[in-house]
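Just the heavy atoms: all of them, side chains too, but no hydrogens, waters or symmetry mates, feed the values below.
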Amino acid sequence: MLATIKKHSDCHVVTYKRPLPHSIDTVWKAITTNENLQKWMSNLEIIELRQHGKIHFNMNDGTDTYEEIAITDYAEKQVLEFEWGQDRVRFELSPTDNGSLLRLIETLQELTDHTPKDLAGWHICLDLLSDLLNGVEHQSFPMENWQQRFNEYKKLIDDVRS
């Protein structure tokens, strides 16, 4: 299921919803421990997991170069929010009868030509996370799936702009 995009007066809010048949503890561990995190979003590395903590966005190009990202909101097993350039990415977890609901909410200051690439990337990362939670690990990023999602998000962004 594609994310939804809602226009607000000063930004756009993109929301991905993933119902997961796993406990909040299990999902939280998958999104906040580097051993698991790097299996579905290999660029991210948690440095200090706390309010006002930090994350590294590793370039993974052999140079050990990274960008430091500030954690802007944090509540154990509920919320992890961090800077994403000029934007924000927020993970929210809530319990359901069948496990948990994961929401990834990206607040975008502006829509750019890069936006559908980013949205397709998050979509695929959430697919990889879901697979990881179900016991399936991928050895590489599925570019063909990303390309399909990119095309879908490009159309969605075009629809939002018109």
Pairs involving residues 94-115, ordered by first then second residue, that meet ring pair (Phe, Tyr, Trp, His ring centres under 6.0 Å) (sequence neighbours left out): none
For residues 48-63, pull every pair meeting salt bridge (Lys or Arg N to Asp or Glu O under 4.0 Å), keeping only residues two or more places apart or in separate chains. Glu48-Arg50, Glu48-Lys54, Lys54-Glu68
Residues in side chain to side chain contact (heavy atoms under 4.5 Å, CB included) contact with Glu144, at least two apart in sequence or another chain: Pro142
Note, Thr15 side chain near Lys17 side chain (heavy atom, < 4.5 Å): yes
Enumerate the residue pairs fulfilling salt bridge (Lys or Arg N to Asp or Glu O under 4.0 Å) with a member in residues 117-140, sequence neighbours excluded, ordered by first and then second residue. Arg18-Asp127, Lys39-Glu137
Quick one about Gln109 and Asp87 (side-chain donor to acceptor, distance below 3.5 Å, no hydrogens or angles considered), yes or no? no
State which residues pass ring-ring contact (aromatic ring centres under 6.0 Å, His included) with Tyr16; sequence neighbours excluded, sorted by chain then number. none
Evaluate the side-chain contact (heavy atoms from CB on, under 4.5 Å) criterion for residues Leu129 and Leu37: first the C-alpha distance (whole Å), next the side-chain angles of each, then the deciding distance (0.1 Å), finally the verdict. CA-CA 8 Å; Leu129 171 62; Leu37 175 61; over 6 Å; no
Under the rule for ring-ring contact (aromatic ring centres under 6.0 Å, His included), what residues qualify as partners of Phe82, not counting sequence neighbours? none
Count the heavy atoms belonging to other residues, nucleotides or ligands that lie under 6.0 Å from CD of Glu76, then report whether that count exceeds 12. yes
Would you say Thr32's side chain and Trp28's backbone share a donor-acceptor pair under 3.5 angstrom? yes
Under 4.0 Å between a Lys/Arg side-chain N and an Asp/Glu carboxylate O for Arg149 and Glu152? yes
Phe141 to Cys125 - nearest heavy-atom pair and separation: CE1-SG, 4.4 Å
Decide yes or no for Leu128 and Val136: does some side-chain heavy atom of the first lie under 4.5 Å from some side-chain heavy atom of the second? no
Going by heavy atoms in the side chains, are Leu119 and Thr115 under 4.5 Å from each other? yes
So do Glu92 and Glu81 actually touch side chain to side chain, heavy atoms under 4.5 Å? no
Set of salt bridge (Lys or Arg N to Asp or Glu O under 4.0 Å) partners for Lys154, sequence neighbours left out: Asp158
Side-chain (Thr33) to main-chain (Ala30) donor-acceptor, under 3.5 angstrom: no
Take Val89 and Thr107 through the test side-chain contact (heavy atoms from CB on, under 4.5 Å) and record every step on the way to the result. CA-CA 7 Å; Val89 170; Thr107 304; over 6 Å; no
Side-chain heavy atoms of Gln78 within contact of Ser94, under 4.5 Å: no
NZ-OG distance between Lys77 and Ser23, expressed to the nearest 0.5 angstrom: 8.5 Å
Non-neighbouring partners of Ser42 that pass side chain to side chain contact (heavy atoms under 4.5 Å, CB included), sequence neighbours left out: Asn60
Are Trp122 and Trp84 close enough that their ring centres sit under 6.0 Å apart? yes
Separation between CG (Leu44) and CD1 (Ile31), nearest 0.5 Å, reads 11.0 Å
Excluding Leu101, membership of its hydrophobic cluster (Ile, Leu, Val, Met, Phe, Trp, Tyr; side-chain heavy atoms within less than 4.5 Å) reads none
Flag, side chain of Asn98 to backbone of Pro21, donor-acceptor distance under 3.5 Å: no
For Leu93 versus Ile24, what's the shortest heavy-atom pair and its separation? CD1-O, 3.9 Å
For residues Met1 and Leu102: do they belong to one hydrophobic cluster (side chain heavy atoms under 4.5 Å, members Ile, Leu, Val, Met, Phe, Trp, Tyr)? no
Check whether any side-chain heavy atom of Leu2 sits under 4.5 Å from a side-chain heavy atom of His123, and report yes or no. yes
Among all residues two or more places apart in sequence or in another chain, which pass the ring-ring contact (aromatic ring centres under 6.0 Å, His included) test with His56? Tyr66
Any non-hydrogen side-chain atom of Thr96 less than 4.5 Å from a side-chain atom of Pro19? no
Could you pull out all residues at least two apart from Glu83 that satisfy salt bridge (Lys or Arg N to Asp or Glu O under 4.0 Å)? none
Could you please spell out the steps behind the side-chain contact (heavy atoms from CB on, under 4.5 Å) verdict for Asp159 and Ile5? CA-CA 10 Å; Asp159 291 346; Ile5 302 175; over 6 Å; no
To the nearest 0.5 Å, tell me how far His52 NE2 sits from Asp73 CG. 9.0 Å
Whether Asn43 side chain and Asn58 backbone form a donor-acceptor pair below 3.5 Å: yes
Taking atom CD1 of Ile55 and atom CG of Leu49, what is their separation to the nearest 0.5 Å? 7.5 Å
Would a 4.5 Å heavy-atom cut-off, applied to side chains only, mark Val14 and Ile105 as touching? no
Spacing of Gln38 atom CD and Leu132 atom CG [to the nearest 0.5 Å]: 12.0 Å
Hey, what do you get for CD (Gln147) to CD1 (Ile124), rounding to the nearest 0.5 Å? 10.5 Å
Assess whether side-chain contact (heavy atoms from CB on, under 4.5 Å) is satisfied between Val79 and Phe91, documenting all intermediate values. CA-CA 6 Å; Val79 173; Phe91 290 90; over 6 Å; no
Lys7: partners by salt bridge (Lys or Arg N to Asp or Glu O under 4.0 Å), with sequence neighbours left out: none
State whether the side chain of Glu106 and the backbone N or O of Val13 hold a donor-acceptor pair below 3.5 Å, judged by distance alone. no
